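Values in this document were obtained by computation on a predicted structure and should not be read as measured data.
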Amino acid sequence: MSSIQNLLNPEARISSSCGSTERKWEGPISPESTSDTSTNAMAERSPPVSGKAQYSDHEPHPNCPDTLSCLPDTDGRPQHTLPVILRCAILGSVKKRLTIRDIYAAMEDKYAYFRNAGPTWKQSVRHHLSLNRLFERQPRPVTDPGFGSYWTVNLSAPPGTKRPRKRGRTSKAVSGPSQTDLAQSDQQKKRGRPRKPLSQRGTSAVPSTLSSPPPLVQGAISSMRTYDHDSEEHTERQGSSHDCNGSEDEYESEEDMVKPRNHDPSASGLDVLGIHEAASRLYTSDRGHRVYSMADKGVIDRMQMEMAGLRRQAADAISVSLRISDQLSEVQAEAARTKAALRATENLLEEEGRKRREIERVAGEENRLRRVAEETIFRLQNQMAYKQTRTIEPLHTSGPIAVTPDGSRIVTCLAEEALLTELSSGKLLCRFSCASESITTLCLSPSAAYLILFTTPPSLRLYDIPKVCSGQVVHPFRVIAHAHDAPVHVCTVDPTSSFLASGSADGIVKVWDISAGHVTHVFKGHGGVVSALKFNFPRDPSIASSTRTFQLVTASVDTRIRLFDLMATSRNDQEALWPIAVLDGHVSVPRGLDVTPDGKWLISGGRDSVVLLWDMSPSSRSTDGSVSKKGKGKTTVVAPILSKTVPIMESVEAVGFVHPELNDFTAKSPKLQFFTAGDKGVVRIWDLTQGSVIYSLGTNADFDIVAQEAERQIIDALYLPAVDAIVSAHADQNIFFHSLISRSLIRHMVGYNDEIVDAIFLSPPSSDPNQPNHSRSRDTQLALATNSSLIRIYSISNLDAQVLAGHSDIVLSLDQGLGGRIFASGSKDKSARVWAFAQQPNSNGWGCIAICEGHTESVGSIAMSRVYDDSDSHPRFVFTGSQDRTIKMWDLSELPLTFPGVDPAKCHSLATHKAHDKDINSLDIAPNDQFLASGSQDRTANIYEIFYMPSSGGKLPRGEIKRLGCCKGHKRGVWNVRFGKTERVLATGSSDKTVKLWNLENFTCVKTFEGHTNSVLRVGFINHGTHLVSSGSDGLVKLWNVKEETCVTTLDNHEDKVWALAISTDEATIVSGAADSVVTFWQDCTEEEEKEGEAKRADQVLREQDFMNYLAMHDYRRAIELALAMQQPGKLLALFKEIRSATMERGLQGDTPVSGKHALDEVLRTLSSPDLSVLVRYIRDWNTNAKTSGVAQSVLYTILRLRPAEEVLEAFDYSSPEETRHPIGTTSSLKDIIDGLIPYTQRHLARLDRLVQESFVVDYMLNEMDDGMFDGTGGEIMDVDDPR
C-alpha cells in the first residue's frame, strides 16, 4: 500500500519511481554502452540545476509537503504546480477546509508573485478546484454564517487528476476501477498478439539490477520536473501517462495497439525517456532494408534491456495500483457509507432546524399578537378620543320671533342671521344667511313654507323652509333690494300665505304677492312709523256672502288705526289707496292688533295701558244684500264702533284673542278672552266681558325681578291655537312657552347666556314619590353660572332651561354635592346659596334652601363635601373662598335635601382661616373629605387637613382645618386645583400656561404639562386618574396622558376663554363653557372610533382583494373605479405602468390601441365625469415627478385622443353628491390643472431633448473609439435630422 504522500501528490509518485530506478542503477556503467553522440544528447537533455537545495532549510516529515510552509519561498513565480499549492494551502488550515477567498489570501501571504499578478491566476485556481478530482466542494452549514462554500482535499481520490467530463455518454463512476474492470480493459486494449520475451527471440537477457541508470534515462527523469503548472493540457497528458498501464513492446505491432482517448505520444513513457525518438530513427520494421552499424546495434541492445527493465517496473506498478485500487474501493465504500450517514444526520439536523424555526416563528407570531393586544388595550385606556355631540349656542339676541303653527319649530334672530330650531330637542336645524345685514323684522307664512326677512338697508329676502335640515346654511331664493325707503319694523302674512304686508318707518305700507314677488298695494298717509299690521280675512264657512272681505288693519305712532280694503282695486274703486276707516281711541302707540276669525271684532292694545275692542260688523247693506251707492259709484261703509275699553295698568306690547273655539262671537255681548303682554314680563289672560284678569302666567318666584337685573319686559308675544300656548320673547333674550291648558310654563329657552363662568352636572331626584332615589338618572341637568345674577339650569335631553333668581350680583362659582342632588353657588354679593330640588308635583324645580353670609368680599370659589350615600338625608359641610383671602367652613347638617318652598335658612360658620396673601381662586375637597386644597393669585396652592364632627347627643357640630403644606412652583397665579380620584396627587392650572402635578406626600412637583398658549383656567381628572383634561384662555380643551406627560387630544370649538369645565360621573361626557356664550358637549368616542377603524380596515382589505381580482380578470373598468373610490392613486399608477411596460416590450404594431390595451381604451373613453376629473388631478400630480411623468403623459394623451374637449370640460363642471366620495384636498378647476401640467411637461420635454443630444455624442465617441472598425459591415446607423 502506498503512503499518504503518493495519494496526495501523484507527481511525487512518479518522482519516487524514478528515484527507485536511480537506486537500482547504482552500479557502474560499461564504457562501451556510451558514445560521444549519446553523451552529447544526454548533455543536451539534462535538466538545469535541481531545486533540492531550496529545501535545505525545511526538515522533511511524514506526508511532506502538506502545508505551505513545506514549500520554498520564492520571489518570482512558484516552481510548484497549482494543485500542489492548493493542496498544501487547504491541508495546512486548522479545519482542513478553506473558502475560495481564504485560499486566495493564503497564496498571497505565501508568494509575493500572486499579490502583484493580475486576476488571471485566480481564474486558474477556480479552474483547478472545479476540474481536479482531488478537491471537493463542501456546502457551508446552516449554523455557520458567512459567504461561500468550503473546499477540501479528497484523500481517497482515484489516480489521475482530471475529473471525467460528460460528452454525451453515460457517465461512469468516479471511484477507482476494480481488478475485474482493469482486466476487462486490458483485454479490450490488448487486442494484438503478445510479443515473445527477449529470451525467446535470441537476445541476451539484461540483468534486472544495474548499478546506475543510463544518462539518457537520468536526463529523461530530470526533465519530467520542468513543466508549466498553468497549462491544463499538461495535466491531461500527465493523467494520460499515469493511466497507461501497458507498453508498446508487449504487442505485435504499433499499429495494433489500442491507446487511451486523448493519448499524446509525446507524453508517453518512451517520449519522456527520450526513447521514442531514437527508436524511430534507428529502428524500422522487418520489412525495412537498412544496414546498421555496430555502434548502433549496441545502442539498440542497451535500449532493449532498459525497456525490459521498464516493463518489469510497469508490471510491478500495475500490481501495486491494483492493490491500491482495491483499498481505495473499500475506502470509497466506507466514505460513501459515512457520507450517507452524514447526509442523514444533516437531514435530521435540518429537520430539527426547520422545526426550531417554525417554533420560533409561532412564538414570534404569538409575541406580535400579544404586543398588538397590549397596544390596543393601551390605546383604549390611554388614547381617548372625544367628539362634539351637541352645543348650547346663542339663540336669540334681539328682534321678533316666529313659531310654526304646530309649535314644533321656532325662528329667532341672532345678530346677522336667522336660526331655525327644533323645540322638542333644542337642535339647530338650519341657518338663514342675510349677507352680513342686520335683521329688523321677520315672519313665517301660516303654511310654514316661507320665511320673510327684512334687513338694513331695507331689502326683502324670501326663503324656502327646507324639508330636510342638517344644520346647513339656507340662502334666499328671491331678494328685493330697496323694498322700502326706510327700515321696516313690522310685517305679517295673510292666512292664505299668498300676500305679505310690510310697514316702514316712513309711514308707508306695501302689500306684496309672495309667489310673484311684486307689490300689489301701496298705502300712504300714516303719521309716522307703522307699529302694527293685521289682515282681516274672514274664514267662517257658515257665513254666506256674495261679497268677499279682504282688509288690512294698520297702526302707527300717530295713535290711529286705519282700515284698508284690499278688494277695492278689483272693483275699480277710485278711493282704493285711501283707508276706508280711521279709528281714534289710543293716546299712545298701538303695539298689538288682532281680529276674530269671523272678522266681526277687532282688538287693539298700546303703550297707553289700555285695550280697545272694536265692533266691525255694522255696514250699509240693503235687504237684498247689495251694497248701497252714494254719489258716483262710491260705497258708503260704516266705520267700526268702539265697543269696550279695558284698562291693563301696564304698557301693552302684544295683544290677541285666545280660545277661539270657546268664544261666542255671534252674541250681542260675546264672551271673549284675550291675552296681554307688556313691560312687567307677565302674560295675563282677560275676560273681555267683565274686564278682569282670569289668571296670569309667569308670576312665580322664578321671575321675581330684582333692581340690579336687566329689564324683563316682553317685546313680542304669539298665540298658537294648535297647541293652545302663548310664546313670549323678553328683553333679556329669554323665550317662554306657556300652556293655557295647564296654566304653567312648559318650556324655557335661553336666547343668550353671555359669558359662561362655571358649569356643573346635576342629578335631581325623580319627581315620582314612589321611585327610590338610587334609581334616579345621573347627570340629567346642567347648571351654568353666567355673567348674570341668574343661574341657568338646562335639561340635557331637550335643552329646556330654568332660571334661578336669588343672588343680587353676578354668580362666580358653582359646586355640587351628594352626587348632584344639591348644589351651592357663590356670588359677588358676598354670599353663598345652597339649592335643592323640589319634588312637589306643581313645583318649578330648584329652590334656595340656605344662605351663607359672612365674607366681606366676593365669594369666588366654593367646594362641597364629597362623601355621600344615597340614603343620606342631610348634607355635611361646604367651604367658601373669598377675595378677602379667607376660607370659611359652613355646617349644612340641618338642611333638607329637597326644597320645602319656604324661605331659605341661615347657615353658621364652623371655622374661618386666613389662607393666602391674595384672592382665592379655587377650592377642592379630596374624595375622602380629609383634605382641602386652595389656589390663589399668590402663585401657591395650600393643602389643609379637615376635621369635622357632626352634631350628636345634643352637641353642636364642630369643624376645623389645619395647613399641612404648600405647593410652590408656578410663576403666576393659580386658577384651579383638583385632587386625584385614585392617587394622592393634586393638579393645578396657572396663568403661566402650565399644568402641574404635585405629590401630596412631600408637596413636590412630579410632572409639568406644557401646551396651552395662554392661562390654564380649569383642570380635572378622567379615566381613573390616568388622564388630565384642562381648558385655558386660548379657547382650547386639552387631554393629557399623565404617564407619558403628553397631550393626547385637543378639542377646539370655542373662540374665547374657556372658564367652565364639567365632567360627568361616568367620565363619558365633558362639558366646556366659554366667554363666547357657547357650551359644548364632548362625548367619549374611543370605542366607536376603534370599531370604525376596524370596519374601515376590513373594508379596505376587501376592496384591495377585489382590486387584485379585477386585475387578474382584466376588468380594468371596475379596477380603475375601485382605485378611485379607495383614493389610492398608487394602485392606478402601478396599473398604468404595467400596461405601458407590456406595450413597450411587445412593440408598436398597426392595430396597437392608444393606451396599449383595447379594454383600457374603452374604460377611459366611457369613464364617468366625476371619476374623470379625479383621474386628471392624479395625472397632474404624477406629472410632477420625472419617474412617473411618462405614465402621466401616456394616460393624458389617451384621454385627449379618445374624448372630445367638451366632455373634459363638462367633467369639471359636473357637481353631484358622488363627488363627496373623492375628497382630494382642495377643489381645482380645469384651468388650474392645465397650469400645473404645462410647466412640468415643458421641463420633461427639455430633459428628453438633452438626453437625445447626449446620445448623439456617445454614438460619435463610440465610432471614433472603434476607429471605423465596423464601417461598412451592415450595422445599423442612427438617423440624424438634417440641421438644414
Side-chain angles (χ1 to χ4, degrees), residues 394 396-402 404 409-420 429-467 469 471-494 496-535 552-557 562 564 566 569 576-577 715-716 1215:
H396 177 66
T397 52
S398 62
I401 61 174
T404 57
R409 299 179 180 183
I410 184 172
V411 179
T412 56
C413 298
L414 178 64
E416 298 172 351
E417 61 183 359
L419 306 181
L420 179 63
L429 298 179
C430 61
R431 298 173 181 267
F432 300 94
S433 175
C434 296
S436 301
E437 295 181 0
S438 300
I439 300 173
T440 57
T441 185
L442 61 85
C443 63
L444 271 173
S445 63
S447 62
Y450 302 106
L451 173 66
I452 297 95
L453 298 179
F454 284 92
T455 61
T456 55
S459 61
L460 172 62
R461 297 175 180 271
L462 299 176
Y463 299 85
D464 281 325
I465 304 297
K467 296 181 179 179
C469 301
Q472 72 271 26
V473 177
V474 181
H475 298 278
F477 69 88
R478 179 177 292 117
V479 177
I480 301 176
H482 304 290
H484 284 267
D485 295 332
V488 178
H489 295 289
V490 290
C491 64
T492 185
V493 181
D494 75 310
T496 63
S497 301
S498 301
F499 295 95
L500 166 70
S502 60
S504 63
D506 57 0
I508 297 176
V509 176
K510 293 183 179 182
V511 180
W512 306 79
D513 188 339
I514 297 177
S515 60
H518 60 80
V519 177
T520 59
H521 302 78
V522 178
F523 302 112
K524 301 180 181 179
H526 297 83
V529 179
V530 179
S531 59
L533 295 172
K534 186 65 179 179
F535 280 100
L552 177 65
V553 183
T554 65
S556 60
V557 295
R562 293 173 175 83
F564 294 91
L566 299 180
T569 55
L577 301 179
I715 59 176
D716 193 10
S1215 61

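- Between the CD1 atom in Ile465 and the OG1 atom in Thr404 there is a gap of 9.5 Å [rounded to 0.5 Å].
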Can Leu453 and Cys434 be said to form a side chain to side chain contact (heavy atoms under 4.5 Å, CB included), step by step?
CA-CA 9 Å; Leu453 298 179; Cys434 296; 3.5 Å; yes
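- Atom SG in Cys413 sits 6.5 Å away from atom NE2 in His396 (nearest 0.5 Å).
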Would you please test Ser459 and Phe454 for side chain to side chain contact (heavy atoms under 4.5 Å, CB included) and show each step?
CA-CA 6 Å; Ser459 61; Phe454 284 92; over 6 Å; no
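- For His518, the NE2 atom is densely surrounded, since the number of other residues' heavy atoms within 6.0 Å is greater than 12.
- Between the side chains of Ser502 and His484, at least one donor N or O lies within less than 3.5 Å of an accepting N or O.
- With respect to Phe432, the side-chain contact (heavy atoms from CB on, under 4.5 Å) criterion is satisfied by exactly one of Ile439, Val474, Leu419: Val474.
- Between Val493 and the choices Leu533, Ile514, Leu444, the side-chain contact (heavy atoms from CB on, under 4.5 Å) rule is met once, by Ile514.
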From CA spacing to verdict: side chain to side chain contact (heavy atoms under 4.5 Å, CB included), Leu442, Ile452:
CA-CA 6 Å; Leu442 61 85; Ile452 297 95; over 6 Å; no
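- Judged by distance alone, with hydrogens and angles left aside, the side-chain atoms of Asp513 form no donor-acceptor pair with the main-chain N or O of Gly517 at under 3.5 Å.
- For Lys510 (side chain) and His521 (main-chain N/O), no donor-acceptor pair under 3.5 Å exists by modelled atom type.
- Panel note: side chain Ser438, backbone Thr456; no donor-acceptor pair is recorded below 3.5 Å.
- Atom CD of Glu437 and atom CZ of Arg461 lie 4.5 Å apart (nearest 0.5 Å).
- Ring planes of Phe564 and His526: tilted class, angle from 30 to 60°.
- Using a distance-only test at 3.5 Å, with no hydrogens or angles considered, no donor-acceptor pair links the side chain of Asp716 to the main chain of Pro400.
- Counting only distance, with no hydrogens or angles, the side chain of Thr440 and the backbone of Val488 share a donor-acceptor pair below 3.5 Å.
- Between the Thr397 side chain and the Ala415 main chain, a donor and an acceptor come within less than 3.5 Å of each other.
- The local environment of CZ in Phe535 is crowded, with over 12 non-hydrogen atoms from other residues, nucleotides or ligands closer than 6.0 Å.
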